[in-house]
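Data block below; observations after.
FYI, side chains are in, hydrogens and waters are out, and symmetry mates aren't considered; it's all heavy atoms of this structure. Letters A, B, ... are given to chains in the order of the sequence lines, protein chains preceding strands, and every chain is numbered from 1.
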Amino acid sequence: MTSDSLDLFGKRIDPAVVRSVPVMVPLPVAGPYSYAVPEGMAVMPGSVVQVPVGPRKVIGIVWDEAGDAVDPKKLRPIEHVFDCPPVAEEMRRFIAWVSAYTLTPPGLVARMAVRAPAALEPEPMIEGLTLTGTVPERMTPARKRVLELAQDGAGWTRLGLARAAGVSASVVETMMKQGVFDTVFLPPPPAFGTPDPDYARPALSPDQDAAAEDLRVAVAADSFNVTLIDGVTGSGKTEVYFEAVAETLARGKQVLILLPEIALTASFLDRFESRFGTRPGEWHSDLAPRMREKVWRQTAEGSIRVVAGARSALFLPFEELGLIVVDEEHDTAYKQEDRVFYNARDMAVVRARIGGFPAVLASATPSVESQVNALAGRYRRIHLPGRFAEAALPSLKTVDLRRDPPKRGGFLSPTLLSEIDRTVGRGEQALLFLNRRGYAPLTLCRVCGHRFQCPNCSSWLVEHRFRGRLMCHHCGHGEPVPEACPECGTLDHLVACGPGVERIAEEVEQHFPEKRTIILSSDMAGGVKRLRLELEAVANGEADIIIGTQLVAKGHNFPLMTLVGVVDADIGLANGDPRAAERTFQLLAQVTGRAGRTGLASKGLIQTYQPAHPVMQAIVSGDAEAFYDREITEREKSGLPPFGRLAAVIISADNRSDAEAHARGLRAASPAGRSISVLGPAEAPLALVRGRYRFRLLVHGSRADDLQTFLREMLENGPRQRGSVRVQLDIDPQSFL
DNA sequence: ACACTTGGCGAA
DNA sequence: TCGCCAAGTGTG
């Protein structure tokens, strides 16, 4: 090969005449790479292709604009164009926007849109049968039945026909051999039925009907708008936004319903089915690979009209999306905190804006930022005033733990215990809520005071008595509970401090030994499947007293539940998180909302040391508006999100001392009023989880060269992308509208 | 992201 | 001097 010709496809070609296209490859690089298009290959922007990168092959998307220019001699050919609909222009713009906003290399965002590799080729055709007109050599009753069924036409498979006729497969086989049937190839049947907007129109209350009409208007406008719909749990938000879904379907467009942790909300699929006559397409992380492919493909081809999915469903290749609903919009599960950092609720709004269609955010306890957007008029607001039909709101009271303390060694106050007694005595269910897994959140040695700490991340190890282990809830580290203190060697002097759900269960069993007690905790053995079964068992009344963590706050319906006791409402109020009050309010409102859904009179008792705290006041009085107003004012005062400017930077480097050195330089360069914190790789995620920082920076030690310049520039001009440095905005409600 | 190369350090 | 592993580099 001479230096100025290119050995492409075995022919020498003048590089000047090789056609090349930009291809977005799934690598953390600044832009698309250029590839040669072999003669006879047809590609267009959006085509999904296989290209070589170094020694491996990757899936890429043909892009619109070229990246950095490259020496034509380096061009390598596209190896394959997948036989699937090209990634739509809307989706490509969305990918580019998300990349810029989250400061993630575009290739890594693009990768999320083509993550069902086998779906890129058409689904294999199914072998079907048609009648040839030939009659069987001997007519038997079985053969006759088969023939009769086959008359009515299309789409029989060998097995399906045999089964429908009630004969064995060999009957059909023999008939085929005799030439009665021809085999034809049929397209595979759609994995999901077509939802019918008129299947079961619900009976709505006047309030709900007005809200539904309001949403229908928003959908009918056929343009970008955002509606925030709120109302207490049980007020019928789902029924109302289903009407927006129906309207969109009637207009021939597809719908995406985002749900947090869909794996656990089977009841949602049932509700959808009873309204629309069929289940929606499902999309979440533990979907079987085969189903994943089907859903991806059929969403792209338009045979799936509605997808209910977790946050990653935002990147599905809808053919003609016309509405996104974000249910439980306040839920933190919408934040993806690895690789590409994004909040699916915000990106859903962006997706809608790019597509020019409406978005609906629904929650009984909206996030403060959505509240702000509604108040500022950027979002339309629909409020559902009360519960529907006979369902009464629980009457809520605080229990002042200072005046009404539990017995020594216990965590349940006499007031709460006697209320549990009364409730289960009537054959109803009581839920005790405590957002702490395990037995005790801290273990120490009574002799020397040694506290068990995680070797990786400096948080306390949580005792799990069932498993006999000490676990780190932050990084997953676990070790057996030792018999002797590792510090002073004393035997049997370890003491558990504070309650976890296991310990509350122990206390409950002491008081109510004859009652059926169950713990519902996300880390119980048996995983998601078992948990789903247990939730169902509880709903069917197979337990009297339920002790649950956070997950019981999430949308499950327990018809017999008439008492909710919050064991310690103050958890999480004093952890330095600027959103602590908001989170606590949401959690308490959601968990107390579990009671009384089917009309039985119900109660909520909230144990707290701070009955005068604004959160407790708001919960007990039901005055959410006042609480939000206060929260917003507080944030304005403190300059915290969503109103603040850059508050802090976390540097997480492989090498802590490198990070410190960078930070020293940065502090010198930083404009006044902006603080910078440096945390090592282990501490940074913990601080982020606690929400103390608005900005994060993950710096990979080996690529830190540009860090100094990058950060200085960012502090002065706002975020930009550079190298492999990644920055995430926590919340900034104005910047994406 | 991932495969490959480089360079620093401990054992031979 | 070798061999190993962490750090660094390039991919079209």
Side-chain angles (χ1 to χ4, degrees), chain A residues 1 3-9 11-39 41 43 45 47-81 95 98-99 102-117 120 312 315 336-342 456 651-662 680-682 698-710 721-726 728:
Chain A
M1 182 158 53
S3 64
D4 48 10
S5 77
L6 177 68
D7 189 9
L8 193 62
F9 337 119
K11 285 187 289 183
R12 287 201 176 162
I13 292 172
D14 180 354
V17 302
V18 172
R19 189 161 77 93
S20 78
V21 290
V23 174
M24 194 60 85
V25 284
L27 308 179
V29 289
Y33 278 177
S34 301
Y35 284 86
V37 183
E39 239 178 305
M41 178 185 277
V43 292
S47 294
V48 183
V49 295
Q50 186 185 74
V51 291
V53 174
R56 61 213 165 99
K57 300 168 188 321
V58 298
I59 293 170
I61 303 170
V62 176
W63 216 245
D64 308 68
E65 306 119 49
D68 294 337
V70 68
D71 181 352
K73 287 198 283 294
K74 284 170 82 177
L75 286 182
R76 297 171 75 186
I78 292 174
E79 286 172 351
H80 182 67
V81 186
I95 291 167
V98 172
S99 159
T102 61
L103 296 168
T104 309
L108 298 190
V109 180
R111 199 168 59 116
M112 298 197 290
V114 285
R115 253 204 315 212
L120 298 174
S312 59
F315 294 91
Q336 171 150 345
E337 308 252 16
D338 64 310
R339 285 178 270 275
V340 182
F341 296 75
Y342 67 99
N456 309 323
I651 301 177
S652 165
D654 299 351
N655 181 335
R656 173 69 187 257
S657 61
D658 274 5
E660 293 284 4
H662 284 301
L698 296 173
V699 180
H700 305 296
S702 56
R703 298 286 170 107
D705 300 359
D706 289 338
L707 180 62
Q708 193 91 4
T709 336
F710 169 80
Q721 190 175 325
R722 175 79 66 91
S724 65
V725 178
R726 294 192 291 191
Q728 191 229 352

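- With rounding to the nearest 0.5 Å, the separation of OG in A:S20 from CD1 in A:I78 is 9.0 Å.
- The side chain of A:P55 sits closest to B:dA3 out of B:dA1, B:dA3, C:dG12.
- If you check every strand for non-hydrogen atoms under 4.0 Å, A:D71 touches nothing.
- One interatomic measurement links the two molecules: CZ of A:R19 to P of C:dG12, which rounds to 20 Å at whole-angstrom precision.
- Distance A:R111 CZ to B:dC2 C1': 11 Å, rounded to the nearest Å.
- Distance CD (A:Q50) to P (C:dT11): 20 Å, rounded to an integer number of Å.
- Within the structure, ring pair (Phe, Tyr, Trp, His ring centres under 6.0 Å) pairs that include any residue of residues 53-78 of chain A do not occur (at least two apart or interchain).
- Residues A:V25 and A:Y35 are in side-chain contact: their nearest non-hydrogen atoms beyond the backbone lie under 4.5 Å apart.
- A:R56 places its CZ atom 4 Å from the C1' atom of B:dC2, with the value rounded to the nearest Å.
- Take A:F315 and apply the ring pair (Phe, Tyr, Trp, His ring centres under 6.0 Å) test, not counting sequence neighbours, and it matches A:F94, A:Y342.
- Between A:L75 atom CG and C:dG12 atom C1' there is a gap of 6 Å when expressed in whole angstrom units.
- As judged by a 4.0 angstrom heavy-atom cut-off over every strand, A:P22 is placed among residues making no nucleic acid contact.
- Computed from coordinates, the A:E79 CD to C:dT11 P distance equals 17 Å when rounded to whole Å.
- Rounded to an integer number of Å, the gap from CG of A:L27 to P of B:dA3 is 12 Å.
- Whole-Å rounding puts the A:K74 NZ to C:dT11 C1' distance at 8 Å.
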